[in-house]
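Quick note on labels: first sequence line is chain A, next is B, and so on, each numbered from 1.
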Amino acid sequence: MKRVYYLLFTLLITTTLFGQNVVRYDLHVRDSVVNFSGKEKRAIAVNGQIPMPTLTFTEGDIAEIHVYNHLKEGTTLHWHGLYLPNKEDGVPYLTQLPIEPGKEHLYRFPIIQSGTHWYHSHQGFQEQIGMYGSLILKKKANDPTFRKGIDDIPQVPIVLSEWTDYNPKNVHRLLHNASDWFAIKKGTTQSYAEAIKAGHFKTKINNEWKRMLAMDVSDVYYDKFLINGQNESQLSQFKAGDKVRLRIANGGASSYFWLKYAGGKMTVVANDGNDVEPVDVDRLIIGVSETYDVIVTIPAENTSYEFLATPEDRTKSTSIYIGEGIKQLVSPMPKLKYFEGMKMMNDMMNMDGTMDDMGMEMSFQKMDMNAVMYTEISGKSEKSEVKSDKEMTMNADMDMKKMNSDIVTLNYAMLKSPTKTTLPKDAPVRELRFELTGNMNRYVWSMDNKVLAETDKILIKKGENVRITLYNNSMMRHPMHLHGHDFRVLNGQGEYAPLKNVLDIMPMETDVIEFEANADGDWFFHCHILYHMMAGMNRVFSYEDSKPNSLISDKVKAYKKLQAESNQFHFMAENDFATNGNDGKAMLQNTRWSFGTEWRLGYHDEHGYESETHIGRYIGRMQWFMPFIGFDARYRKLDSGEVEENIFGQKSTKDKRIQASLGFNYTLPMLVIFQAEVFHDGNVRMQLMREDIPVAKRLRMAFMVNTDKEYMAGFKYIVGKNAALTTHYDSDMGIGLGINFNY
Amino acid sequence: MLTVMFASFTLSNAQIKNQKIVSEKILGNCGICKKTIEKAGNMKNIATVEWDKETKMATISYDAKKTNKEEVLKRIALAGYDSNSFLAPDVAYFGLPNCCQYERVSKTAISEKPKMEMKAMMKEKIKSSENTKPLSNVYSNYFELKDALVASDSKSTAVKANDLLAAVEKVDMKTLDMDLHMVWMKILKPLKEEVKAITTSKNREDQRFQFVDLSENMFKLMKSDKLETTIYLQHCPMANDGKGANWLSKESIIKNPYYGSMMLSCGKTIETIKN
């Protein structure tokens, strides 16, 4: 849990030059080994720290940040939420080239805003393994927006994050291969056995009929959740009566966090670095990469109060205790009820995989889809009434219920800027609309069903107002982040619409944002869930007639490289070593293409040897249809003269058969894959197959039947991430027991 | 052979490795407390807790490489039991069975006090409004009934419906204004039937079904009345088997009586009644 080493060599040199403060930081990026979970794993530390050191500036300063890359790979740093010249924005292949190993890079820009921000690596998966830190921009003392009791009280930077023992590249690969290992680790397989136990068999059937896999609010299993790099810590410098401003940034790669405080309500005073009118809440959810400033009060002597951050899937949590003395806990978030959520999703999912909002016009986080999955008021109450026979407890119960139903949860509609945020009135308006789209089964995340690799930069003009309508037609929420600009969220606050740079948008919500195009260069607009971004849920806004970027000589080539970054091929392979033969497959896939080969190798000639290779392309938004070309090779020794006949009466010998074919896969309801194939000798084969039917938490069933009169049925018991025990019966090879290894 | 191997395996594992034993005071009263405390603290092969109800002392043995004393005490506190390191959340403490509601040190007094005041204040509020408007009792009972549905509590829904019925019967029609009187006459019969149906039904779904029409009638009434406070007519398109249904609320925040916690925030305000 403790960091292995802390070596601090932050040099902070302040010089006064032409009346402007130059504030210099030196950041040394190094490979390091950490132990958050009981196992030593690779991480990246900056100046020996995880999170990276907190950088503090005052509005009007000039920031001078020297980055020394001691890694064996490239890196960049992105200053999240800051207005700055395009070439300082830190997006590799868009605003600069990666800082090469052993090289130094200088980021230098004037600080022209204030507020709570953060910074992180924008290269590959480095953000997941330690490259995130707090970036605090203070107001000048004579700032007209300076607020007494808010801007002048003690403050603490809080960086939320998560840790996985798996290499994040591998995490990403597993997500693309629809591995349910994370679900097993989280206990969210939602198998048939579990569904029946919960009385939700029909729900599960309905769910699979609509071709959905088990649903979850987040995708990755994490070993630890952290506040400022620790699972639990205490701020004992504060005493009873103190007010403390927490400057919270969510530096997690893919986790939303619920925030709760044991010492009463929290006052939200800023969001994404912009002031908002103070609002008292009992809890709030902070989206990936959002920042919130909240003020908490320590209500009693000799007590420290828990500030609890619970990831949205509620598997674990992390706490920081504010104050000195005995620790007052806050009640944890109740566990999610997945089948309730599944039932509701079923109702809202059309048969073609799109979502139906039933005319509810949802927006601004007001209706929490996850609300169906946990009990807020009911559930427990009836039971405790039975238990209690005295009136006293009855009253306590009633009070509890009152307390619960009065819980105030923050949503975007409650955010209001203290100052007018209207855009220039006479500027031309540019309307854009994006539909957020996704496909959980193949982990494809996109906008308008296109990943970055399939789109050009979106051109905008300096001086126009850009208004974007976003509609989330996917099953997950997405924190959409715009670089270099704050946008107004049109949330019903009129001229006082809040300014943000990250918009969390829940399934089926429609939100409208607008910003003044007042910069120059290329700006990334993307989902900030790291694994969604790396799957291609990105766009680039590019100012027409931008000045050339001195850090990128060939912009066209660089953009191709950027596109390729989020459309990489993923490899998977598995082989079943069984008593009756070897069964296996290997696949290489990206967003649209699939290169796959399957083999069945017997141990002697009568059982035969065969392989099928398919090169296909997934078509459509849900990717249920995949036409392919194939190559089959088989060898099987049949008794002399024996000829196999399929149900169409077409004959073939399996004796040394090499065939090319055309065909397609189509995913039917219940996730059964229908395959039709025509071979070059005119033979036709049709096949129904499903693998990985979740019978119980770790037990999967598979079956296959085709018009060559071949069939197979089997069970698989998942032992570990890469291993399973199997048994199957195959019409060619008979019954077998085996061990399955997969990568 | 295999069984022997397994047996030895379990045996060696039954003991906690890297064992460390500490003694900690944990507040509690009875045998039920002992069970709850130990169950909350225990973790297979990692920690065991033994609590003595006389001395209030717990003996905690744990695997020092895998956990620590704080983690064990935190789990126990989350189950409702205070120790020297942690104070249980109020919700967990009040959720304990009667016999387990041990006396809390000072903390209890602080959190109890404002609650009592709140209750007294609420009672006064109800009293003061009693005299002013002839229908205010009907309204307040309707809102309480709605809250019971929000809480998905069918028993208290029936109780509240009974109160509402009593309030309806108590209304002296002569004190009503002309217009209001007309509306009252029109809705009185169906209104009474709907409320009666709720009182006799123990089934949450039936109660909610009746509440759809009840709310419509109540809306007609409130619209014709001169109200002191702002009332919100709210709508959920999913309720009533997808036909949609309305309800009335004193606050603009959505708390859906048709689904309770399942979809507490489903819906939107479609009309605001102000006077």
Side-chain angles (χ1 to χ4, degrees), chain A residues 38 232 262 299-303 305-306 319 326-332 337 340 343-344 347-348 357-362 366-369 371-382 384-385 387-390 392-393 395-409 411, chain B residues 65-66 68 70-71 73-74 77-78 80 82-98 101 105-107 110-112 115-116 118-119 122 147-148 150-156 204 235-238 242 244 251 253-256 259-268:
Chain A
E232 296 228 341
E301 303 277 341
N302 300 321
T303 314
Y305 288 82
E306 184 178 33
S319 314
I326 189 166
K327 293 163 178 164
Q328 170 66 56
L329 300 175
V330 66
S331 53
K337 292 179 174 171
E340 298 288 340
K343 197 171 163 196
M344 179 150 138
D347 290 345
M348 299 200 158
D357 67 356
M358 308 178 96
M360 271 195 285
E361 293 166 17
M362 289 181 274
K366 274 193 283 196
M367 170 160 174
D368 188 348
M369 298 295 295
V372 290
M373 295 203 269
Y374 52 86
T375 28
E376 291 293 8
I377 307 165
S378 71
K380 206 180 167 193
S381 55
E382 274 168 40
S384 40
E385 258 168 357
K387 245 191 276 169
S388 57
D389 38 6
K390 278 186 191 163
M392 260 300 286
T393 2
N395 283 343
D397 259 7
M398 294 300 281
D399 283 348
M400 259 170 63
K401 260 187 243 163
K402 276 228 174 64
M403 273 160 52
N404 279 336
S405 61
D406 287 340
I407 287 175
V408 180
T409 306
N411 63 51
Chain B
K65 272 198 177 159
K66 290 203 168 129
N68 53 51
E70 270 66 36
E71 281 185 0
L73 288 173
K74 187 172 177 179
L78 287 175
D82 294 349
S83 58
N84 286 332
S85 306
F86 292 99
L87 295 173
D90 284 356
V91 178
Y93 172 80
F94 287 119
L96 293 175
N98 271 355
Q101 305 237 336
V105 190
S106 71
K107 273 292 293 178
I110 300 163
S111 60
E112 268 311 277
K115 242 184 243 165
M116 295 297 282
M118 243 172 60
K119 246 187 239 163
M122 266 168 47
D147 289 341
V150 169
S152 297
D153 184 341
S154 49
K155 261 191 224 161
S156 107
R204 224 180 290 164
H235 175 76
C236 165
M238 291 179 74
E251 32 188 23
I253 298 171
I254 299 287
K255 279 173 199 156
N256 189 328
Y259 287 97
S261 63
M262 266 180 61
M263 292 219 289
L264 189 60
S265 54
C266 173
K268 57 185 174 189

Donor-acceptor pair, side chain of A:Gln328 and main chain of B:Ala88, under 3.5 angstrom
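Checked: pair present.
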Taking NZ, NE, NH1 and NH2 as the nitrogens, is one of them in A:Glu232 or B:Lys74 under 4.0 Å from a carboxylate oxygen of the other?
yes
At a heavy-atom separation under 4.5 Å, does B:Ala77 approach chain A through its side chain, its backbone, both, or neither?
both
Over all atoms of both residues, closest heavy-atom pair of B:Ser83 and A:Ile326:
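Closest approach of B:Ser83 to A:Ile326, heavy atoms only: O-CD1, 3.1 Å.
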Nearest heavy-atom contact between B:Leu87 and A:Thr303 is CD1-CG2, 4.0 Å
If you define the side chain from C-beta out and look only at heavy atoms, does anything of A:Leu329 sit under 4.5 Å from B:Pro89?
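A side-chain contact under 4.5 Å exists here.
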